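Notes follow the structure.
Every value quoted in this text rests on a predicted model; they were computed, and no experiment measured them. Throughout, numbering of the chain's residues begins at 1 and tracks the sequence.
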Amino acid sequence: MNASNVDAARRAFQAAPERVEGVAAWLGRELAGQPARWLIEPTRADWQELDFAVRAWADSGRPLAEIDPTSFRVPRLATRLREARRHLLDGVGFFLLRGFDVGRYSLPEAAIAYLGVGSHLGSFRSQNARGHLLGHVTDVGRDINDPGTRYYQTNRGLEFHTDSCDVVGLLCLQGARSGGESRLVSSVSIYNRIRATRPELCEALFLPFPTDRRGEVPAGMDPWFDMPVFHWFENRLTTIYVGQYIRSAQALFERAPRLSAAQFEAIDLVDSIANDPALSLVMDFQPGDMQFLHNHQLLHAREDFVDWPQPERRRHLLRLWLSPDDARPLPPVFALRYGELTPGARGGIITPDTVDLTFAISP
């Protein structure tokens with residue numbers, strides 16, 4: 001690690017508070033008993049309004065790319081979503097929308113409904129090198145040992161991590177036979193514990209960590225990006241972390257800077273604290289649930305799952321990556337991963353192989 005990186009990490013660590021206070025520093029054992037802080041159950045009239053908008057859009061034949069808050073009008077539900085957006089960006093950092101009767105809709109119709117809801121939270125961002133704005137989280141039989149495979153394409157558990165966007169959303173179309181629970185943890189609470197108990201490792205987390213791009217490499221970039229885990233910027237703690245891909249970068253790329261013993265110990269500690277049952281919140285998806293998460297202030301994970309043998313019953317979630325136009329400012333180093341830094345137009349994955357931005361309706 002060069003001296004300039006060490007000096008920059010030390011300055012960033014010293015600028016950050018010893019403890020970050022506020023509603024973002026939640027504990028899972030507390031929130032589990034306070035669903036009113038994160039569970040939103042729209043009324044029958046709200047869902048009827050959404051149903052009318054979906055049917056009208058499907059009948060119009062208009063392309064999905066034209067869905068936005070002005071074209072997809074749901075005034076009653078939009079009022080609820082505006083309030084939820086504030087909790088998402090400035091509150092606990094997530095919410096679950098429950099009650100959408102997904103079984104009443106075809107897959108294209110469910111996609112319209114989901115995109116319509118998501119458009120009221122941010123602009124759509126590309127999730128892979130193919131430019132897909134609507135992602136499919138399902139086991140497609142890919143081998144995780146293939147460097148181009150991402151964990152959401154398998155039935156393997158995902159360790160606690162962030163996605164490469166401001167907000168990630170998931171719509172559950174079909175649950176697994178067993179397993180696959182969603183787990184959330186406040187990265188602010190992780191920071192607070194590490195800062196209080198292992199400050200020297202907290203400082204190490206302000207150093208750059210090479211992180212594997214999993215074969216989705218923008219023009220002129222390395223197959224990894226160098227990024228600290230913790231950032232103190234504009235009086236906010238912002239976190240970006242994918243421990244599995246930090247470790248794979250060390251294994252796959254000889255040219256990637258080598259991590260120090262302290263950095264390895266630090267990411268092991270992040271994983272250990274994230275998995276503390278007192279800190280994390282477990283959420284079991286029901287069909288129709290829409291979950292939205294603010295990546296900058298929490299990490300999310302998924303348990304291993306066992307699928308149904310019938311193809312039509314296999315676990316299937318739709319995913320959105322979103323960029324709100326009122327999102328927080330990000331430090332300049334995020335440009336290595338997010339491309340541009342303008343709220344509403346940042347995040348996602350664009351590579352030389354990206355032909356066009358599109359909505360894939362099937363996996």
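If you check the side chains of Ser164 and Arg337, you find a donor sitting under 3.5 Å from an acceptor. With hydrogens and angles left out, the side-chain atoms of Tyr241 and Asn295 include no donor and acceptor closer than 3.5 Å. Side-chain contact of Ser4 with Asp7: a donor-acceptor pair under 3.5 Å is absent, judged by distance alone. Side-chain contact annotation: Gln14 with Arg11, donor-acceptor N/O pair under 3.5 Å absent. In summary, the side chains of Ser323 and Asp166 do present a donor paired with an acceptor at a separation below 3.5 Å, with no hydrogens or angles considered. Neither side chain, Asn192 nor Ser189, offers a donor N or O lying under 3.5 Å from an acceptor on the other. Between the side chains of Gln297 and Thr238, no donor N or O sits under 3.5 Å from an acceptor N or O.
Residues Tyr191 and Phe230 bring their aromatic ring centres within 6.0 Å. Taking the six-membered ring where the residue is Trp, the centroids of Trp38 and Phe95 are separated by 6.0 Å or more. Taking the six-membered ring wherever Trp is involved, the centroid distance between the rings of Phe100 and Tyr105 falls below 6.0 Å. No close placement of the Phe94 and His87 rings is indicated, their centers lying 6.0 Å or farther apart. When ring centroids are compared, Phe124 and Trp321 stay outside the 6.0 Å threshold.
At a threshold of 4.0 Å, the pair Asp325-Arg346 does not count as salt-bridged, since none of the basic side-chain nitrogens sits closer than that to a carboxylate oxygen. One finds no salt bridge joining Glu181 and Arg302 here, because no Lys/Arg side-chain nitrogen approaches an Asp/Glu carboxylate oxygen to under 4.0 Å. Of the charged side-chain nitrogens involved, at least one lies within less than 4.0 Å of a carboxylate oxygen, so that Arg104 and Asp51 count as a salt-bridged pair.
Members clustered with Phe52: none, using a 4.5 Å side-chain heavy-atom cutoff among hydrophobic residues. Through side-chain heavy atoms spaced under 4.5 Å, either directly or across other Ile, Leu, Val, Met, Phe, Trp or Tyr residues, Val217 is tied to Met221.
Ring orientation note: the planes of Phe13 and Phe206 are nearly perpendicular, at an angle over 60° on the 30°/60° scale.
Residues passing the salt bridge (Lys or Arg N to Asp or Glu O under 4.0 Å) test with Arg62 are Glu66, sequence neighbours excluded.
When all heavy atoms of Phe225 and Arg213 are compared, the pair lying nearest together is CB-NH2, 3.4 Å.
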